[in-house]
2 protein chains.
Amino acid sequence: MTSPRTQPAADRPRRGRQRASHSSEAVLSAAVDLLDEAGESALTLRALAARLGTGVGSIYWYVSGKDDLIQRAIDHVLGGVLADIEARAGTGDALDDLRVMAVTLFDAIVDRPWLGTHFMRGIDVEGSSLRLYEDLGRQLLRLDLTPRQRFHGVSAVVGVVVSNALDMGQEPPPSVLDGAVDRDEFLGRYAATWRTLDPDAYPFVHSIVDEFDGHDDKDQFLGALDLTLAGLRLQAGL
Amino acid sequence: MTSPRTQPAADRPRRGRQRASHSSEAVLSAAVDLLDEAGESALTLRALAARLGTGVGSIYWYVSGKDDLIQRAIDHVLGGVLADIEARAGTGDALDDLRVMAVTLFDAIVDRPWLGTHFMRGIDVEGSSLRLYEDLGRQLLRLDLTPRQRFHGVSAVVGVVVSNALDMGQEPPPSVLDGAVDRDEFLGRYAATWRTLDPDAYPFVHSIVDEFDGHDDKDQFLGALDLTLAGLRLQAGL
DNA sequence: GTCATTATCGAACCTCGTTCTATCATCGAA
DNA sequence: TTCGATGATAGAACGAGGTTCGATAATGAC
C-alpha cells in the first residue's frame, strides 16, 4: 500500500493496470481545468472522476483528500508562474525587479482567482510556494536591510499581492460566471448605492466614489504596492 | 410571509408563539458563539438549531441562507469593533490615528479568525463594514492627498490588515483547536524544515529563518503596516 | 502458475444546506 | 365567539458533496 502521493507514479517505470490512463499529472491537470472553467465550486470529486473517466475512489489513490488535491493543483500551476517570474529577475534595480515579480504574481492570481484563497498555505514544505517566497525575498537581499526588515518586507509585498488579487476574485454568485454582467457594471452598482448615502455621515465614501466608479483594479493594486515599495526604499536609505 | 430579515422581530411589539424564544438577535448571538468556540466549520445549520433548541427550518425564518447568516454574524460583531475604533479617533496626527484604528481592527480579526475570510464582503450595503471603511478613510481626508491617493491608501491599509490577520488565523487542522500544540511550536516546525534546505538554493529563506523562528506575528503586521503608512506620509508631503 | 503488490472502481455512509409541508399561536373582523 | 389571515415553529425529505470500504483486475517476481 505504498501510495504514490509522495512520489508520483509517472516518475517510475509505468506499470499497473492501463484501463484508464491515470497519473498524478492527469489528475492534477484535470483538476486545474475544472477550476479554470467554472471556479472552485466546480471542483468536486465526482466531476473530476467523470472527466477522467474513472470512479471517485481512484482519485484517492493519488491524493489524500480534497484539501490535498487543491494544494497540489495550486503547486502545479505555481510552477509555471515561477518560471515566468524567474525569467524576469536580475535586470535592474532590486526594488524594480521585486515590483515586476509582484506584478507577475498578481496577474497570475487574477487569471485564476481560485489560487488566491488557498495561496501561501504550502510554504511549509519544499515546493513552488516556497520557491516563490525565496525568489521574491532574494531581491531584498541586494539591499541594505536587517534580516527583520527583509522578513517583514517580503511578507508585506506578498500580503499586498494576495489581498488585492483576492479582492478582484470575488464575484457576485449568479451572474458573472457566464458573462451576463461584467465586472464594471457590478462595481457600478456599489457606486450607485454609495451615492445615495448621506454625505454628512459618509464624507470619505462620497469623496472617493467617483474614483471608485469605473476604477481599474490593477491601478488599485499598483497603488498599494508602490506604497509598500516606497516604504522599503526609505528603509534601505535610497 | 413578511420575513423579519429586513426588520428584526425584536424591534416590533413582541408577539407570536413563545415556544422557543427566538429572534434575529438570539440566532446571531448563537452563531457567533459557535464560530468563536470552534471555528467556521462548527457553524452548521443543525448545530445552530440544536443550540437554540429548535429545528433547522426555523432559522430560515430569520436568515435567507448560510451566506446571509455569516454576513449578519460578521456585521453583528463588527458593530463592537466599530465602537472601539470610533472611540480612538481624532486625538493626534491623522496617520497616527489611522494606525491605531488599523491595529484595533487587526486585533479584532486575530481574536476571531473567522472574520477574516469573509471580511469586506458586505461593503455594498449600509452596515458596519461600510462604516469601518468610512472611519478609516476619514483620517486620510485630513491629509493633502488626491481622491485617488486616498482611495488607494485606504485599500492598501485594509489589505495589509486583512492579509496579515488572515495569515495568523490559519491553524493546523488537528491540534491547535484544543491547545495541544501552541502556535509557537507550530511555527517552529516551519523553521526547522527551512533550516534543512540547501543554503545555496534558498539564500533568502536561510537569511530570515532565525527571524521567523519565534517571531511575533504582531510585529510582522506592524512592519507591513508601517511600510504602507510611510508611503502615505511621503505622498502627503510630510 | 502463484502470490503479493499496484491500481481501479463504485456502492454505501455520513454530513450538510436547502426546501416543503404541516402545525400552532395570535389577532382583527364579522 | 368564530374564523380566516398572518406570524412563527418544527422536522422530514431531498440532493450534493467528501470519504471509506471491500471487491476486483492487472502486473511483476519467483
Side-chain angles (χ1 to χ4, degrees), chain A residues 1-27 30-31 34-35 38-73 118 173-174, chain B residues 1-27 30-31 34-35 38-73 118 173-174:
Chain A
M1 250 292 266
T2 322
S3 103
R5 284 202 286 268
T6 48
Q7 188 74 3
D11 293 356
R12 283 173 277 144
R14 211 51 197 93
R15 44 183 185 177
R17 185 161 45 160
Q18 217 67 12
R19 284 196 247 177
S21 78
H22 297 334
S23 70
S24 263
E25 245 294 314
V27 171
L34 278 175
L35 253 6
E40 197 158 353
S41 65
L43 180 60
T44 70
L45 276 293
R46 276 169 245 269
L48 183 56
R51 169 157 306 209
L52 288 166
T54 180
V56 272
S58 306
I59 298 174
Y60 278 79
W61 180 254
Y62 296 99
V63 299
S64 69
K66 199 181 182 183
D67 282 348
D68 187 39
L69 174 65
I70 293 180
Q71 218 49 58
R72 284 165 187 275
H118 305 270
Chain B
M1 249 293 264
T2 323
S3 105
R5 285 203 284 270
T6 48
Q7 187 75 1
D11 292 357
R12 284 172 277 144
R14 210 55 196 91
R15 40 180 189 180
R17 186 161 46 161
Q18 216 67 11
R19 283 196 248 179
S21 79
H22 297 334
S23 71
S24 260
E25 245 295 314
V27 171
L34 279 174
L35 253 6
E40 198 159 351
S41 66
L43 180 61
T44 68
L45 276 291
R46 276 168 245 269
L48 183 55
R51 170 157 304 211
L52 289 166
T54 180
V56 272
S58 304
I59 298 174
Y60 279 80
W61 180 254
Y62 295 99
V63 299
S64 70
K66 198 181 183 184
D67 282 348
D68 188 38
L69 174 65
I70 293 180
Q71 218 50 56
R72 283 165 187 274
H118 303 273

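Every chain is numbered from 1 and lettered A, B, ... according to where its sequence line falls, protein lines coming before strand lines. Because only heavy atoms are used, hydrogens play no part in the values below, and waters and symmetry mates are left out as well, while side chains stay in.
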Atom NZ of A:K66 and atom P of D:dT19 are separated, to the nearest Å, by 8 Å

Here the pair of heavy atoms bringing A:A30 nearest to A:L52 is CB-CD2, 3.9 Å

Take atom CG of A:L45 and atom C1' of D:dT20, then tell me their distance rounded to the nearest Å. 12 Å

Given D:dG11, D:dG17, C:dG17, the nucleotide with the shortest approach to the side chain of B:V56: D:dG11

According to a strict under-4.0 Å criterion, is B:Y60 in side-chain N/O contact with OP1 or OP2 of C:dT18? yes

Rounded interatomic separation in angstrom, taking CG from B:L69 and C1' from C:dG17: 12 Å

Within this structure, what is the CD1-to-P distance between A:I59 and D:dC21, rounded to whole angstrom? 18 Å

Might you point out which heavy atoms bring A:L48 and A:L69 nearest each other, and give the distance in Å? CD2-CD2, 3.7 Å

Under-4.0 Å side-chain N/O to phosphate OP1/OP2 contact, A:S58 with C:dC9: yes

Please pick, from C:dT18, C:dC9, C:dA7, the nucleotide with the shortest atom-to-atom distance to any side-chain atom of A:Y62. C:dA7

Between C1' on C:dA7 and CD on A:E25, what's the gap in Å once rounded to a whole number? 18 Å

For a side chain to side chain contact (heavy atoms under 4.5 Å, CB included) check, start with the C-alpha distance between B:H118 and B:D67, then their side-chain angles and the critical distance, and finish with the verdict. CA-CA 10 Å; B:H118 303 273; B:D67 282 348; 5.8 Å; no

Atom CD1 of B:I70 and atom P of C:dC16 are separated, to the nearest Å, by 13 Å

Counting only side-chain heavy atoms from C-beta out, which of C:dT8, C:dG10, C:dC16 sits nearest to B:T44? C:dC16

Can you name the nearest heavy-atom pair linking A:K66 to A:L43, along with the distance? NZ-O, 2.8 Å

Name the closest nucleotide to the B:W61 side chain, picking from D:dT9, C:dT18, D:dT19. D:dT9

Taking atom P of C:dG10 as reference, at what distance in whole Å does atom CG of A:L52 sit? 12 Å

To check you understand the geometry: which heavy-atom pair defines the closest contact between A:L35 and A:A73, and what is its length? CD2-CB, 4.4 Å

Atom-to-atom span, CZ of B:R46 to C1' of C:dG17 - whole angstrom: 7 Å

